[in-house]
Amino acid sequence: MNKLNNLKDAKKIVVKVGTSTLTYETGKTNIRRMKKLVEVLADLKNSGVQIVLVTSGAIGIGVGKLGLKEKPSDTPGRQAAATVGQCELMFMYDKLFSEYGHITGQLLITRSDIENEERRNNLINSFEKLLEYGAIPIVNENDAVAVEEIVFGDNDNLSAIVAKLIGADGLIILSDIDGLFSGNPRKDDDAVLIPVVDKITEDIEKIAGGRGSSRGTGGMITKVHAAKAAGESGIPTVIMNGANPDDIYRVIEGRQIGTIFVPSGKE
Ligand code: GLU
């Protein structure tokens, strides 16, 4: 595995995008954002970077599509919403990537697929073959069946697992905030962006505490935990604002965008 301290010249990356980046407050898809993200990823792919996209949004988009007032509080309700939203999500990705001549493949994963060695190996084979075929694997939790995933799971964690599985050079987590701040920038004017985290200490975890938006599942803490997990396998993570997908180019150029977490693990 090629281990880097940043994502400069990374050749295999995992990009994670969350519900709050992909949808408006109305619960409907943010088409402009999604189009821009797909354009950048398709272009990076053309430049020779292998891309795996981990996407949330199934439940959120399903809620919007079904015309529900809010995310259902019961598990079957969320599962049903996820099945509807997942179709819409993949329809959109497939359509948008197709416009640039790219092929997508959907992988819906549960925790048991990772924990069971045989299933994990099958999954790795599937990823490898898709990448070999030149397709873009698009991953989400299998929310329709993975009850425990809906309750406990988050795609930040899943994106780190996927990055490890495929031996990625880097993980990019798109957020609705510019990166990790020294305080809560929505409440504290003195909060400043932390550009580089060399080590994820208890203090770092403390400032990342708290939950994200009502549409998403995680918050900064789940992103920092993902960065920690990826870092332990030697994979650098950048947490950046998903509102500006063009910045992904800058990350691959090795420029300072968002917060970069330097990996702790060795090759
Ligand atoms: N898998 C969920 C969905 O697609 C979201 C999980 C998360 O937000 O992390 O709706």
Side-chain angles (χ1 to χ4, degrees), residues 14-30 33-34 37-38 52-94 104-114 123 137-163 165 171-177 208-230 237 239-243:
V14 174
V15 176
K16 185 263 168 179
V17 61
T19 308
S20 56
T21 300
L22 289 174
T23 61
Y24 288 108
E25 292 284 345
T26 58
K28 300 281 184 191
T29 315
N30 185 330
R33 186 76 59 72
M34 207 170 176
L37 175 64
V38 169
V52 173
L53 180 61
V54 175
T55 185
S56 304
I59 298 174
I61 290 174
V63 167
K65 200 166 179 186
L66 288 165
L68 307 178
K69 285 199 180 60
E70 55 193 27
K71 198 155 111 168
S73 53
D74 62 316
T75 301
R78 287 194 296 275
Q79 289 176 313
T83 65
V84 171
Q86 185 63 30
C87 289
E88 175 76 8
L89 254 187
M90 281 313 295
F91 171 74
M92 291 290 291
Y93 281 126
D94 199 44
T104 60
Q106 172 185 258
L107 292 107
L108 297 179
I109 303 176
T110 64
R111 192 175 294 162
S112 43
D113 297 320
I114 308 290
L123 193 58
I138 301 186
V139 184
N140 196 357
E141 289 185 42
N142 192 350
D143 295 318
V145 296
V147 175
E148 80 279 14
E149 304 292 339
I150 288 185
V151 179
F152 299 112
D154 67 79
N155 277 2
D156 296 320
N157 178 23
L158 178 60
S159 68
I161 291 170
V162 169
L165 276 185
L171 170 62
I172 297 177
I173 299 182
L174 302 176
S175 174
D176 54 5
I177 197 165
R211 294 196 46 81
S213 74
S214 57
R215 282 169 297 140
T217 299
M220 192 47 76
I221 190 66
T222 56
K223 292 173 179 52
V224 168
H225 285 160
K228 191 172 185 178
T237 297
I239 298 177
M240 57 171 272
N241 203 322

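One-based numbering, in listed order, for ligands and for the atoms of each. Hydrogens, waters and symmetry mates play no part in the numbers below; they use all other heavy atoms, side chains included. This is a predicted model, so every value here is computed, not measured.
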Check your understanding: Within the distance-only criterion (no hydrogens, no angle test), does the side chain of R33 pair as donor or acceptor with the backbone N or O of L22 below 3.5 angstrom?
Key -> no
Review point. Which ligand 1 atoms does I59 reach within 4.0 Å, using its non-hydrogen atoms?
Key: 3 (C), 10 (O)
Check your understanding: So is N140 polar-close to ligand 1, meaning N/O to N/O under 3.5 Å?
Key -> yes
Exercise for review: May I ask you to list the atoms of ligand 1 that are less than 4.0 angstrom from any heavy atom of G57?
Suggested key: 3 (C), 4 (O), 10 (O)
Review point. Within the structure, does N155 bring an N/O atom to less than 3.5 angstrom of an N/O atom in ligand 1?
Key: yes
Review point. Under 3.5 Å, is there a donor-acceptor pair between the side chain of N155 and the main chain of T55?
Key: yes
Review point. Where the side chain of K28 meets the backbone of G64, is there a donor-acceptor pair that is under 3.5 Å apart?
Key: yes
Practice item. May I ask you to check if ligand 1 and D143 share an N or O to N or O distance below 3.5 Å? Key: yes
**Study point:** Closest non-hydrogen atom pair between V224 and I239, with its separation
**Key:** N-CD1, 4.3 Å
Practice item. Classify the side-chain pair D94/T104 by whether it contains a donor and acceptor separated by less than 3.5 Å. Key: yes
Exercise for review: Measure from atom 5 (C) of ligand 1 to every heavy atom in S56, G18, A58 and give the option owning the shortest one.
Suggested key: S56
Check your understanding: For ligand 1, which atoms sit closer than 4.0 Å to a heavy atom of D154?
Key -> 9 (O)
Review point. Side chains of D156 and S159: donor-acceptor distance under 3.5 Å anywhere?
Key: no
